[in-house]
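Report on the structure given below.
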Amino acid sequence: MIIEMVRHGLTEGNAQRRYVGATDMPLSEEGLRLTKAGRRDEGAGHVFVTPLQRTQQTAAILYPNAQQTIVPDLREMDFGAFEGRTYDELENDPDFQAWNADGGMQPSPGGEGRLGFSQRATAALTQLIAQAAAQGQREIRIVAHGGIIMSLMAVHALPQKPYYDWWVDNLTGYRVRVNPALWGEQPVFDEVERVDYNAQAS
């Protein structure tokens, strides 16, 4: 089974390097322009998206003929009290310093941490794999968020690499292969390749 995971197009929050997770921020004008200028997969019939409009807007452009299904647990991390702020604005905040001391593994004030976030992402993907296998589907397409993609790659991709080593820019991501029959015991991505929907990658 092939799984393609792509990060949504550019938002104002991305451009300003803000912590934008739970905020339902749309694509910016530049994000829309770049997404429309990029390549498309008109043969895709179905794509999974998140409740946040930036993924739905992106999927409608990248996969113009695909039906969208919302998967709530593929939404981006909720940064709680840090939502909408930049690192420079937060670097002297004691709560932020405490949260960031271990890379944000524990929940932020009023939000999530990478540990629980990663578990949520894996549970959502596991359900999608099981559903696809039961229906005889051989491909899964997902338009989600950078944090979701990095979390899944850090946990399941081989060779193993740290979370931030799996960074994805807007409109990029990964295409991986999984064995649904072995996923319960060996939840690994057997093959990994980069995908890029930007214009220069066409």
Stacked cation flag R39 on Y197, 6.0 angstrom / 45 deg: yes
Polar contact flag, side-chain donor to acceptor under 3.5 angstrom, D169-T172: no
W183 vs T126 side-chain heavy atoms within contact, under 4.5 Å: yes
Smallest separation among heavy atoms of D165 and K161, with atom names: CB-CB, 4.0 Å
Residue pair V6 / Y63, side-chain heavy-atom distance below 4.5 Å: yes
Straight-line distance of T35 OG1 to N198 CG, nearest 0.5 Å: 8.0 Å
Common cluster, F189/V168, ILVMFWY with side-chain heavy-atom separation under 4.5 Å: yes
Heavy-atom neighbours of Q160 CD exceed 12 at 6.0 Å: no
Distance flag, aromatic centroids of H156 and W166, threshold under 6.0 Å: no
Donor-acceptor contact present, side-chain D102 to main-chain M105, <3.5 Å: yes
Verdict with reasoning, I142 to V47, per side-chain contact (heavy atoms from CB on, under 4.5 Å): CA-CA 6 Å; I142 298 169; V47 59; 5.9 Å; no
Spacing of OG1 belonging to T58 relative to CZ belonging to R54, to within rounding of 0.5 Å: 9.5 Å
Salt bridge (Lys or Arg N to Asp or Glu O under 4.0 Å) pairs, two or more places apart, involving residues 3-14: E4-R175
Worked verdict on R85 versus E83 for salt bridge (charged side-chain N to carboxylate O under 4.0 Å, His left out): CA-CA 6 Å; R85 301 166 71 186; E83 191 80 20; over 6 Å; no
Residues that D73 engages under salt bridge (charged side-chain N to carboxylate O under 4.0 Å, His left out), provided they are two or more places apart: R75
E89 side chain to T86 backbone, donor-acceptor under 3.5 Å: yes
Pair N14-N170, side chain to side chain donor-acceptor pair (under 3.5 Å): steps then yes or no: CA-CA 9 Å; N14 296 152; N170 299 105; 3.1 Å; yes
Residue K36 excluded, over 12 heavy atoms near NZ under 6.0 Å: no
Chi angles and distances behind the side-chain contact (heavy atoms from CB on, under 4.5 Å) call for I70, Q56: CA-CA 9 Å; I70 295 173; Q56 298 169 30; 3.7 Å; yes
Test side chain to side chain contact (heavy atoms under 4.5 Å, CB included) applied to L128 and V71, I3, T69, the passing residue: V71
Inter-residue atom distance L32.CG - L27.CG, 0.5 Å rounding: 5.0 Å
F117 side chain near E76 side chain, heavy-atom distance below 4.5 Å: yes
Cation-aromatic face contact R114/Y163, 6.0 Å, 45 degrees: yes
same_hphob_cluster(M1, F48) at 4.5 Å side-chain heavy-atom cutoff: yes
Heavy-atom closest pair, residues P72 and P51: CA-CG, 3.6 Å
E29, CD: over 12 other non-hydrogen atoms inside 6.0 angstrom: no
Heavy-atom side-chain proximity of V176 to M153 below 4.5 angstrom: yes
Distance-only polar pair, side chains of T55 and T50, donor-acceptor under 3.5 Å: yes
D88 side, atom CG; R18 side, atom CZ - distance, nearest 0.5 Å: 10.0 Å
Distance in Å, E193 CD paired with E191 CD, rounded so as to fall on 0.5 Å steps: 8.0 Å
Rounded distance [0.5 Å steps], CE in M5 versus CG in L74: 10.0 Å
Closest approach of G80 to D78 (non-hydrogen atoms, all atoms of both residues): N-OD1, 2.8 Å
Lys NZ or Arg CZ of R194 over Y174 ring: under 6.0 Å, within 45°: yes
Parallel, tilted or perpendicular, as decided by the 30° and 60° cut-offs, for the rings of W99 and F82: tilted
Q68/V143 under side-chain contact (heavy atoms from CB on, under 4.5 Å): CA gap, chis, key distance, verdict: CA-CA 10 Å; Q68 296 186 16; V143 176; over 6 Å; no
Worked check of side-chain contact (heavy atoms from CB on, under 4.5 Å) between L52 and H145: CA-CA 10 Å; L52 303 177; H145 308 270; 3.6 Å; yes
Single-linkage hydrophobic cluster M150~V20, side-chain heavy atoms < 4.5 angstrom: no
Min side-chain heavy-atom separation V49-H8 under 4.5 Å: no
Side-chain cluster (under 4.5 Å, hydrophobic types only) that L182 belongs to, other residues: none
Transitive ILVMFWY side-chain link V188 to I148, under 4.5 Å: no
Same apolar cluster (I L V M F W Y, side chains within < 4.5 Å links), M77/W167: yes
Pair F96 + Y87: ring centers closer than 6.0 Å: yes
